[in-house]
Amino acid sequence: MKIKLFYFARLKEALKYSTEDLDLPDEPLTVLKLKAHLAKRGDVWGQMLMGKLKVRAAINHELVDDNAAINNGDEVAFFPPVTGG
Amino acid sequence: MKIKLFYFARLKEALKYSTEDLDLPDEPLTVLKLKAHLAKRGDVWGQMLMGKLKVRAAINHELVDDNAAINNGDEVAFFPPVTGG
Amino acid sequence: MTVRVQTEDFDVGFEINQLRKARKDIGAVVSFMGLVRDLNDGDAVSQLTLEHYPGMTEKSLASIINQAKARWSITDALIVHRVGTLQPSDQIVLVLVSGAHRGEAFAACEFMMDYLKTEAPFWKKEVTQLGERWVEAKLTDDDARGRWVK
Amino acid sequence: MTVRVQTEDFDVGFEINQLRKARKDIGAVVSFMGLVRDLNDGDAVSQLTLEHYPGMTEKSLASIINQAKARWSITDALIVHRVGTLQPSDQIVLVLVSGAHRGEAFAACEFMMDYLKTEAPFWKKEVTQLGERWVEAKLTDDDARGRWVK
């Protein structure tokens, strides 16, 4: 399954990634599973995605929670709580 | 005791008075007593001031209720509920 | 604090800039503008005339701003209200509030409009196909004001 | 309905006139404008940079307007939000609502700001004497949004 990932704000700076394409095994995937998968990349990934910081996620431009299912072709984004306005 | 009276909107039109100076006996006066006094002038005065219409009063530019005391030199106004804005 | 009662029209953009001036401590500006609608109580309105109580009107509007300032942390406020003869889509009233934070600016602005609607001595007379008539005060305006009584 | 995300400044007076056009059935226009304050969390702010999520941002703002339209009887609404680098006293965001009656226009405008503050993908980074820092989300914004949950 292929997905496109985006990172914003503090996450983008810390991870030094803005966007990436991922190819994952064709198994049921949720936001939480994807975070756990990415956290294995190393300290900063673990801190940013599975640590104390609040992380919000969007799938195809819709805010979702940790249990949301991710499907082939989805655009998934991770970012801190929003602070616009 | 001398007071100055003002009428506005529907009251001004019906009573055909915009303002008048009144000279009254030096006795304790309230808004209600003044209305009763004016109501004796005739039908339209009674209907406008003591009838079914809601009438609001101000003494020296402050909204007051029927029990408010009127003193020598006061400016008293009668008008319908306000409808600006 | 600014209060004006005038026959002339007003420019909301200009008034907001005047209120803000060069201040850098303002995070929120809330504005309310009231306009003449071409329909009231089910009848087409072709003209509206606003009467007021000169002297009391200005004091009443200043008192409304002072009550808002006592109750919420706001930086500045303005009320401009027109009188005289107006047409549908004409601007009637402008209430502006500036402050550090949006919650207080919103509350103060709505409070000021609810008090203006029930306490400021203005009266509307409208022209419809049925002729001239004084606009009746609305119970919903009393209810709106009642929400603010602590 | 209008939604714009832009680096350019906006003119609130112009936007209000555009929203009203020549309509005669509008009785109320409520506007909220958010500005860069020179102080945040006790520190002097000299500059602010706004990042956003292109594509999601516009959808999120349109969804906020649609939720407001579903909930209140309003005529039209607009959201303009700036991105890029701003200075203290610069305009950040404009939310406009027009409608027949003031109560619904006020509620819809405040609802839209509370949702924008908690759901629209914008992030602020500010420059203070201590250096650059990401602005932290406020719990009071979550509380403000929570008020609207039925």
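The chains referred to below are lettered A, B, ... by the order of the sequence lines, with proteins before strands, and numbering in each begins at 1. All of these numbers come straight from a predicted model, not from anything done at the bench. Atoms considered below: every heavy atom in the structure, side chains included; atoms not considered: hydrogens, waters and symmetry mates.
- Contact tally against chain C (heavy-atom pairs below 4.5 Å) for D/V30, D/T140, D/D11: the top residue is D/V30.
- Contacts between residues 37-54 of chain C and chain D, defined by a heavy-atom separation under 4.5 Å, are made by C/R37, C/D38.
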(request) Take D/L35 and C/K24 through the test side chain to side chain contact (heavy atoms under 4.5 Å, CB included) and record every step on the way to the result. (result) CA-CA 8 Å; D/L35 308 155; C/K24 296 181 175 178; over 6 Å; no
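- Contact annotation for C/A100: both backbone and side-chain heavy atoms come within less than 4.5 Å of a heavy atom of chain D.
- Taking C/C109, C/A28, C/S31 one by one and counting their heavy-atom pairs under 4.5 Å with chain D, the maximum is reached by C/S31.
- Outside the 6.0 Å centre-distance limit, the rings of D/F106 and C/F106 are not counted as a close aromatic pair.
- Per-residue counts of heavy-atom pairs under 4.5 Å with chain D were compared for C/K117, C/E15, C/R23; the largest is that of C/K117.
- Side-chain contact between C/M33 and D/I26 is absent, with no heavy atoms from C-beta onward closer than 4.5 Å.
- Chain D forms more heavy-atom pairs under 4.5 Å with one residue of C/V12, C/D114, C/I16, C/V36 than with any other, namely C/D114.
- Applying a 4.5 Å heavy-atom cutoff, the residues of residues 60-98 of chain D that approach chain C are D/P88, D/S89, D/Q91.
- Contacts of C/D25 with chain D are made by both backbone and side-chain atoms, with heavy-atom separations under 4.5 Å.
- Highest contact tally toward chain D, considering only C/A144, C/G27, C/G103, C/G13, is held by C/G27 [criterion: heavy-atom pairs under 4.5 Å].
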